[in-house]
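Worksheet: one structure, shown below.
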There are 2 protein chains.
Amino acid sequence: MIRSGKRQKHFTLKTFLCYYYTNTSNNGVKLKKRFQNPSIKDIAREAGVAISTVSNVINKKGVVASQTEQKVLKALEKINYRPNIIARGLRTRSTKSIGIIVQDIANPFTSHIIKGMEEVARKRGYTLLIACTFYNTEDEKKQVDVFMDQVIDGFIFLGGYDNSPVVRQVYNQGIPVVSVDREIEDTDVPSVLIDNQEAMEKAVDYLYGYGHRKIGFVSFRFEKQTTTRNRYMGYCSGLEKNNLDYDPEVIIIDDYMRLNETGGTFEIIKKFLKKGVLPTAFTTISDVNAFGILKALKAGGIRVPQEVSVIGFDNVFFSNFTEPPLTTIKQPKKMMGKTGMNLLLDLVEKKKVDKKNIKLATSLVERDSVGPPPKK
Amino acid sequence: MIRSGKRQKHFTLKTFLCYYYTNTSNNGVKLKKRFQNPSIKDIAREAGVAISTVSNVINKKGVVASQTEQKVLKALEKINYRPNIIARGLRTRSTKSIGIIVQDIANPFTSHIIKGMEEVARKRGYTLLIACTFYNTEDEKKQVDVFMDQVIDGFIFLGGYDNSPVVRQVYNQGIPVVSVDREIEDTDVPSVLIDNQEAMEKAVDYLYGYGHRKIGFVSFRFEKQTTTRNRYMGYCSGLEKNNLDYDPEVIIIDDYMRLNETGGTFEIIKKFLKKGVLPTAFTTISDVNAFGILKALKAGGIRVPQEVSVIGFDNVFFSNFTEPPLTTIKQPKKMMGKTGMNLLLDLVEKKKVDKKNIKLATSLVERDSVGPPPKK
DNA sequence: ATGAAAGCGCTAACAA
DNA sequence: TTGTTAGCGCTTTCAT
């Protein structure tokens, strides 16, 4: 309800010029009807030029005589005018805002990506609309519609289930969209990703290099999530590459850790420990899961990395502050956000983009949670 | 650039009814000019009623004969119509969106507050615009203007420096605003806060109860931030209450930890350790700072809590996964977010609010980072 | 109860 | 080069 005249309590510089008089049925007397922010009309009147001329000056369009321009500029300076984006949006169908659909804004991985996005969006003059869907595909669909109603300039889908029909639908409507950390099978849709398989393979290689031969994998289920599935694929191909057997006994896949990664993993691994079969090292799909493993291991009196090694994925900030500090695969979070947003805005602004499916490099951060396996 | 006809590539159910013909200068031939989403006009035409009647049905306003209503409903069902919020906003000056100004969206404390906000906003049909200012007061001012241009329904200022003039200005313009985790001196402005002083006093009491008599305090500078200053006040009053001396030697206040809380604190405390004066316990203004203390202590070979105790503030998720798990003051983060957003939306919707300055309760979460001081 | 029409503030097409 | 005007899609007022 911004700028609703009735709630305006003070005269401000912004408004002092802008009340106007209009006929009402009140005995034909002209009454002060409402306050509002200055509009382009006020500027035009003040400068003594046409509305469209003001518009041209503001948007640096058309040709305006420098003398006229001066007049407008002067009026603009005198009156603290700000164009109404909503009104402009109604005409131009652009509101300088980007909708971001994310699973969980409080997740330390995604929140850093968003931070990167926010940074470039703001720098380029766009505003961020954010909605969280908590892995609810229906909600995601609904939220897309809500954003459509708001008339946004573009979409970013950040992480979560593939849910490509929704992305596709947006894409098909000709709305700029990029998928970040979400692998859509069709590569028409612009994307910013990492090579999840290669990254996880790197982790297995690293563990193998330390002498590990019985390497576990812990994850939630990944039928609907290609990113995660590809990490699993990387785990498998890493095994294969190093001639290691695929051992279902040390592969723990359970959806219980889906929405409560750390706590869920903790429980699952604690239970797993009771079985008495132990890999010499754990791989997992994210740091927040690794934290749960670490804690369960500690609770079970198992030392890391002396008895069991653990390697994470993401390189979340807190990986540096666990005990021991977590060795992990680093995803360039902020860069993913920035790259994704720049790509999207280039699309929005119809700039030439030479690469619309971008893969960013990962790296391995060595800390202290991986060591050689214990000697028998 | 949503719904820009030129980029529409496919016919969809949504659009099939909605291309129309118009004269162009092209030899006087009528040309298909553009696609668009169905508008209220299309519904009106389909139902054979007036536009305003459709509007009335949609908004459940005025009186519509049930027969007419049925016709409209039927048309509505046939055509997948969605009102254009932007156009509506132009008239009503309400876009069902809330602007949130926050320092750092990736901070684990604020991100959980925002999560709470998002939850209720979405439930109540509002969208979130988010901007980060990174403690830059100028940016904050600018961002307020950007949000104004967007015509949002209300503001939330979340954390950060007091910067009350900006908040005041918004408030004075009659725009609904609430301040969350940000203490503005004037209580006209609705707010959701905790009692920072009482909370920190609680921490000191707790430490005192364990036998600590030399209690440190670590913080960045707080001239411009009342929340933090009040925690300091709580530290002081806690000391006083328990007849403890105020000892500047163990009070570490340094802005170096402002924007890099954990890393900065780590450095500062590492340096501090060299001085050789050590409190038996540390209080600090947030968990992320406590993590730095923990790590510095560990680096210095000092055991927690056997030699030195540490108590945090916030109860961030990861406090549970440090070594040792961090004892801390819990702030009801999600609740703060939800309460703040509910308050704001009540204000926006002009509902009766019986309490516009809300204080939420904190509690102390006992984990393992506090123990009795070492015996001499 | 229903419809016609006037804007909201802006841009863009076109006339002058 | 400048001004006039027709919308964008909606709500709201006022006739009917």
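Numbered from 1 within each chain, the chains take letters A, B, ... in sequence-line order.
- Of all nucleotides listed (D/dT11, C/dT11, C/dC8), C/dT11 comes nearest to the side chain of A/Ile51.
- Among the heavy atoms of the strands lying under 4.0 Å from B/Val64 are primed sugar atoms or P, OP1, OP2 only; no base atom is included.
- Residues A/Tyr81 and B/Gln67 both approach DNA chain C. Their nearest nucleotides, taken by heavy-atom distance, put B/Gln67 toward the 5′ side.
- As rounded to whole Å, 14 Å separates atom P of C/dA1 from atom NZ of B/Lys71.
- For the pair A/Arg82 and B/Met148, the minimum side-chain heavy-atom distance is 4.5 Å or more.
- Here the P atom of nucleotide C/dA6 and the CG atom of B/Leu90 are 17 Å apart, to the nearest Å.
- Distances shown here put every side-chain N or O of B/Thr92 at or beyond 4.0 Å from the OP1 or OP2 atom of D/dT11.
- Closest to the side chain of B/Arg91, out of D/dT4, D/dA6, D/dT12, is D/dT12.
- Distances from the side chain of B/Arg93 to the nucleotides C/dG9, D/dT12, D/dT2 place C/dG9 closest.
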Subject >> Trace of the side-chain hydrogen bond (donor to acceptor under 3.5 Å, both in side chains) decision for A/Asn163 with A/Thr137 >> reply: CA-CA 7 Å; A/Asn163 202 9; A/Thr137 311; 4.7 Å; no

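- Heavy-atom distances to DNA chain C give each of B/Thr53 and B/Ala87 a nearest nucleotide, and the one nearer the 5′ end belongs to B/Thr53.
- Of the side-chain N and O atoms in A/Asn59, one or more sit less than 4.0 angstrom from OP1 or OP2 of C/dT11.
- We find that CD of A/Glu69 is positioned 11 Å from P of D/dT1, with the value rounded to whole Å.
- Phosphate contact (OP1/OP2 of C/dT11, side-chain N/O of A/Lys61, threshold under 4.0 Å): absent.
- Regarding contacts with the backbone of D/dG9, every side-chain N or O of B/Arg88 stays at 4.0 angstrom or more from both OP1 and OP2.
- Considering only the side chain of B/Lys41, D/dC8 comes nearest among D/dC8, D/dC10, D/dT1.
- Using a 4.0 Å heavy-atom distance criterion, B/Ile86 is classed as making no nucleic acid contact.
- When each of C/dG3, C/dA12, C/dC10 is scored by its nearest atom to the side-chain atoms of A/Ser52, the top-ranked nucleotide is C/dA12.
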